[in-house]
Amino acid sequence: MESRMREIKSRHNNKIKIGIIPGHFATNHSHVNNYVDLTKIKTHHVIAKEAGKELAKAYASSCDIDTIICLEGTEIIGAFLAEELSVTGHGSINSGKDIAVITPETNTNNQMIFRDNIQKDIFNKRVLLLISSVSTGKTINRSVECLQYYNGQLAGVASIFSAISEYNGIDIKSIFTSDDLTGYETMAANECKLCKSGQKVDAIINSFGYSKI
């Protein structure tokens, strides 16, 4: 499967790269015809720093941010994003801020939760959600519900890759979009044309990676 991988560079920063593997892949709520490999961008500090810088451009001059909530293994990128937003002298309205970078837990009902000691960074705070990959928007919906519970204010949604530009009126700022992936499709499992054509699933995928079948 790895032999099919091709590399795609960001249109705005050729130091930022992701891998794409065509095939038939199943998530817990959809099927897709391309696996977007974000492993290196989430685990190597050099490319993660570039990603943080790139995402900061969308928010530096227009969005007041107190806290970044990192989902799906984006903590390294989130730290660099916070650093870039808070740099003094770049025209950022967050200049000089000490931005909190946090990650939620998930309880047995698959709900996002925050412990008492972390809730102060959400209550009445302007929060930026950072997600590695957006395909259907369900993670955004679950995150917004969590924010509402803890009385956080959604300031924006950022991602490395997003197949959609908005969700329920919420704009999504991403480094890569489906326009960068020729022919990328996401399908409900019961409407998957790959399944209907008899094409076997190559792997089960989630934010941690893939497991071949």
Side-chain angles (χ1 to χ4, degrees), residues 1-14 16-44 47-48 51 54-55 70-77 103-104 106-112 129-146 157-213:
M1 192 172 86
E2 290 81 357
S3 62
R4 289 180 262 160
M5 184 181 291
R6 58 192 176 92
E7 189 177 80
I8 294 179
K9 297 180 181 179
S10 166
R11 299 179 186 183
H12 305 291
N13 184 336
N14 61 18
I16 305 174
K17 307 169 186 176
I18 59 174
I20 305 298
I21 303 176
H24 184 188
F25 305 96
T27 74
N28 61 354
H29 48 71
S30 67
H31 285 204
V32 294
N33 64 348
N34 282 274
Y35 169 64
V36 183
D37 185 8
L38 305 175
T39 306
K40 193 167 185 178
I41 200 169
K42 292 196 291 185
T43 58
H44 289 235
I47 188 171
E54 193 64 33
L55 289 171
C70 298
L71 305 175
E72 304 176 342
T74 57
E75 289 85 352
I76 298 175
I77 299 169
T103 303
T106 303
N107 65 18
T108 54
N109 295 320
N110 203 32
Q111 296 171 315
M112 296 179 185
L129 291 177
L130 178 58
I131 307 173
S132 64
S133 179
V134 179
S135 56
T136 64
K138 288 189 176 181
T139 298
I140 296 175
N141 188 63
R142 191 160 59 105
S143 302
V144 170
E145 289 178 351
C146 176
V157 177
S159 68
I160 304 169
F161 166 75
S162 181
I164 55 179
S165 59
E166 62 90 28
Y167 180 75
N168 284 348
I170 302 169
D171 288 334
I172 303 167
K173 305 296 185 184
S174 61
I175 299 174
F176 297 92
T177 72
S178 53
D179 291 338
D180 298 304
L181 281 62
T182 304
Y184 179 89
E185 290 184 86
T186 178
M187 300 157 279
N190 61 348
E191 298 175 357
C192 178
K193 62 184 182 182
L194 300 175
C195 290
K196 292 178 180 179
S197 69
Q199 184 175 338
K200 293 183 177 180
V201 173
D202 292 297
I204 304 296
I205 61 174
N206 62 18
S207 61
F208 293 97
Y210 62 84
S211 298
K212 296 179 186 177
I213 295 179

side-chain hydrogen bond (donor to acceptor under 3.5 Å, both in side chains) involving [X] - partner list, sequence neighbours excluded:
X    : answer
T39  : D37
E185 : K193
T139 : none
T177 : none

Inset, instruction - Tell me, please, which residues at least two apart from K212 pass salt bridge (charged side-chain N to carboxylate O under 4.0 Å, His left out). - result: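 K212 satisfies salt bridge (charged side-chain N to carboxylate O under 4.0 Å, His left out) with E2 only.
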Legend entry - Partner set under salt bridge (charged side-chain N to carboxylate O under 4.0 Å, His left out) for R6, not counting sequence neighbours: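 Partners of R6 by the salt bridge (charged side-chain N to carboxylate O under 4.0 Å, His left out) criterion come out as none, since no residue qualifies.
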Nearest atoms (heavy-atom pairs only) where [X] meets [Y]:
X    : Y    : answer
L130 : T74  : O-OG1, 3.3 Å
K42  : S207 : NZ-O, 2.7 Å
L71  : P104 : CD2-CG, 3.5 Å
L38  : S132 : CD1-O, 3.3 Å
I76  : A48  : CG2-CB, 3.7 Å

Inset, instruction - Using the test side chain to side chain contact (heavy atoms under 4.5 Å, CB included), find all partners of N190 that sit at least two apart in sequence or belong to another chain. - result: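 Side chain to side chain contact (heavy atoms under 4.5 Å, CB included) list for N190, sorted by chain: A188.
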Inset, instruction - For N109, enumerate each residue passing the side chain to side chain contact (heavy atoms under 4.5 Å, CB included) test, keeping only those at least two apart in sequence or located in another chain. - result: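 Residues passing side chain to side chain contact (heavy atoms under 4.5 Å, CB included) with N109: N107, Q111.
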Inset, instruction - Scan residues 168-213 for pairs that pass ring pair (Phe, Tyr, Trp, His ring centres under 6.0 Å), counting only residues two or more places apart or in two chains. - result: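 The answer is Y35-Y210, F161-Y184.
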Legend entry - Residue pair M112, R142: steps toward the side chain to side chain contact (heavy atoms under 4.5 Å, CB included) verdict: CA-CA 8 Å; M112 296 179 185; R142 191 160 59 105; 3.8 Å; yes
With sequence neighbours excluded, give me every salt bridge (charged side-chain N to carboxylate O under 4.0 Å, His left out) pair touching [range].
range            : result
residues 18-33   : none
residues 160-181 : R11-D180
residues 196-205 : R4-D202

Find out whether [X] and [Y] are in side-chain contact, i.e. whether some heavy atom of one side chain is under 4.5 Å from a heavy atom of the other.
X    : Y    : value
C70  : I77  : no
M187 : L194 : yes
I205 : V32  : yes
I20  : I18  : yes
T186 : T136 : yes
V134 : S174 : no
C192 : Q199 : no

Inset, instruction - Find the distance between OH (Y167) and OG (S143) and round it off to the nearest 0.5 Å. - result: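 Nearest 0.5 Å value for the OH-OG distance: 10.5 Å.
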Inset, instruction - Supply the atom-to-atom distance I175 CD1 to I8 CD1, rounded to the nearest 0.5 angstrom. - result: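 Answer rounded to 0.5 Å: 13.5 Å.
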Inset, instruction - Spell out, as yes or no, whether a donor-acceptor pair under 3.5 Å connects the side chain of N33 to the backbone of G183. - result: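 Answer holds: yes.
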Inset, instruction - Could you tell me whether the side chains of E54 and S10 share a donor-acceptor contact shorter than 3.5 Å? - result: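 Not at all, the side chains of E54 and S10 share no donor-acceptor pair under 3.5 Å.
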Legend entry - Option passing side-chain contact (heavy atoms from CB on, under 4.5 Å) with L129 (candidates V157, I170, I172):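 Checked V157, I170, I172 against L129; only one passes side-chain contact (heavy atoms from CB on, under 4.5 Å): V157.
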Inset, instruction - Applying side chain to side chain contact (heavy atoms under 4.5 Å, CB included), run through E72 and S159 and close with a yes or a no. - result: CA-CA 10 Å; E72 304 176 342; S159 68; over 6 Å; no
